[in-house]
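Comments concern the structure below.
All values derive from a computational prediction rather than experimental measurement.
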Amino acid sequence: MASRLEINFIRLLSRCETIASEKRGETEWRLEKYVAALEEMLVALRKSHSKPTPEVLTEYTRKIDFLKGLLEAEKLTSATEKALANQFLAPGRTPTIASQRMAATKTVHMQTKARCTGEMRDELLGTEHQTQTYGTEGLHLDEHQSAAELEAVLQHHHNLQEKLAEDMLSLARNLKNNTLAAQNIIKLDNQTLSQSMRQADQNFEKLKTESERLEQHTKKSVNWLLWLMLIMVSFSFISMILFIRFFPRLR
């Protein structure tokens, strides 16, 4: 069950997502303050005894980072820079509240992308007042130039996306190769360890066998020594009696 702190965090996060999806003016200050409060509450959640699972905390962090990146992108002056910054934003993966069908940050991301594309188009085509000052020929020429510039910008973004995809693919390929190499090394180590354990077991069995043989040999040696001592004592006793009989004490 979610703690009181987590419930308040979810409510504030949902409110931030709602504000981010709306068209905001330059004087709008709530979202930035709310995001700062979300960061403080997330730190408190990490330290709480009833904190959520690591996966949930990671998703919360992802959504806060998205909102922070969105605010930073909106502070840029150029529409092209805003569009490029928006490309690198990573929205959340799961809905914040149960009533949402999809993550609200994904919706905000799509809305922002469309808004940035519109602003970039307006920036390239120029304002309505400027287009009215041109003649018919100048208007057609400006439209062709603007369309060419727009196509160039879109092609540039497309190239960036392809390069990023290639880099990610190369990174995934390298990661796969490194993982396979690590698996092979671990497999070889396990085989070496198994062989060492089998060798150790064999040595232990041999040592046990030799110990038993040594123990039996020691027992046999002790038995022979005991019999030898008995024979020597018996011989000494008999020799003494014979000596006394054959050499009686002189009177």
Side-chain angles (χ1 to χ4, degrees), residues 1-7 9-10 13 17 38-69 84-98 100-106 109 157-230:
M1 182 178 180
S3 62
R4 186 65 181 175
L5 177 61
E6 186 177 1
I7 293 174
F9 176 85
I10 293 174
L13 178 58
E17 293 171 345
L38 281 175
E39 289 185 290
E40 295 177 358
M41 295 175 71
L42 181 61
V43 172
L45 265 178
R46 293 182 185 277
K47 297 179 181 179
S48 175
H49 294 291
S50 57
K51 62 182 179 181
T53 61
E55 291 79 10
V56 175
L57 288 174
T58 302
E59 181 67 13
Y60 289 161
T61 304
R62 186 183 182 92
K63 291 180 179 179
I64 292 176
D65 290 341
F66 171 79
L67 293 173
K68 288 171 60 179
L84 184 60
N86 185 69
Q87 291 290 334
F88 293 98
L89 294 179
R93 298 174 180 173
T94 58
T96 304
I97 55 179
Q100 296 175 348
R101 292 185 177 181
M102 63 178 295
T105 48
K106 288 185 179 180
H109 192 214
H157 289 309
H158 181 69
N159 294 337
L160 285 178
Q161 290 179 349
E162 286 186 348
K163 186 176 183 302
L164 183 62
E166 290 177 358
D167 292 340
M168 292 179 65
L169 185 62
S170 176
L171 205 67
R173 191 180 297 112
N174 292 334
L175 181 61
K176 180 181 178 180
N177 292 334
N178 293 335
T179 302
L180 291 175
Q183 287 179 352
N184 292 331
I185 292 173
I186 293 173
K187 185 178 180 180
L188 291 175
D189 290 342
N190 288 334
Q191 291 177 354
T192 304
L193 181 60
S194 299
Q195 291 177 358
S196 299
M197 292 181 64
R198 285 196 298 268
Q199 188 66 33
D201 292 337
Q202 292 175 1
N203 293 338
F204 178 76
E205 292 295 332
K206 290 181 180 179
L207 181 61
K208 184 178 179 181
T209 303
E210 293 298 328
S211 298
E212 292 176 353
R213 290 176 60 185
L214 180 61
E215 184 179 357
Q216 293 175 1
H217 183 69
T218 304
K219 289 180 178 179
K220 290 180 180 180
S221 299
V222 171
N223 290 336
W224 282 108
L225 184 60
L226 181 60
W227 281 106
L228 183 59
M229 290 178 63
L230 288 174

- request: Please name all residues satisfying side chain to side chain donor-acceptor pair (under 3.5 Å) with Arg46, sequence neighbours left out, ordered by chain then number.
  value: Thr61

Sequence-distant partners of Lys106, side chain to side chain donor-acceptor pair (under 3.5 Å), two or more places apart: none

query: Would a 4.5 Å heavy-atom cut-off, applied to side chains only, mark Thr105 and Arg62 as touching?
result: no

Please output the side-chain donor-acceptor pairs of residues 204-211 that fall under 3.5 Å, not counting sequence neighbours, one pair per line with the distance.
| from | atom 1 | to | atom 2 | distance (Å) |
| --- | --- | --- | --- | --- |
| Thr209 | OG1 | Glu205 | O | 2.9 |
| Glu210 | OE2 | Arg213 | NH1 | 3.4 |
| Ser211 | OG | Leu207 | O | 2.7 |

- request: For Lys51, enumerate each residue passing the salt bridge (Lys or Arg N to Asp or Glu O under 4.0 Å) test, keeping only those at least two apart in sequence or located in another chain.
  value: none

Sequence neighbours excluded, which residues qualify as side chain to side chain contact (heavy atoms under 4.5 Å, CB included) partners of [X]?
X	value
Ile97	Ile10, Ser14, Ser99, Gln100
Gln199	Gln202, Asn203
Thr58	none

Testing the basics here: between [X] and [Y], what is the closest heavy-atom pair and its distance to 0.1 Å?
X	Y	value
Gly92	Ala103	O-CB, 3.5 Å
Ile64	Glu39	CG2-CG, 3.7 Å
Pro52	Tyr60	CG-CE1, 4.3 Å
Leu67	Leu38	CD1-CD1, 4.3 Å
Met41	Leu5	CE-O, 3.9 Å

Pair listing, side-chain hydrogen bond (donor to acceptor under 3.5 Å, both in side chains) test, anchored in residues 171-196, at least two apart: none

- prompt: Does any pair with a residue in residues 161-170 pass side-chain hydrogen bond (donor to acceptor under 3.5 Å, both in side chains), and if so which ones, sequence neighbours excluded?
  reply: Gln87-Gln161, His158-Glu162, Lys163-Asp167

task: Measure from the side-chain N and O atoms of Glu59 to the backbone N and O of Thr94, and report whether any donor-acceptor pair falls under 3.5 Å.
output: yes

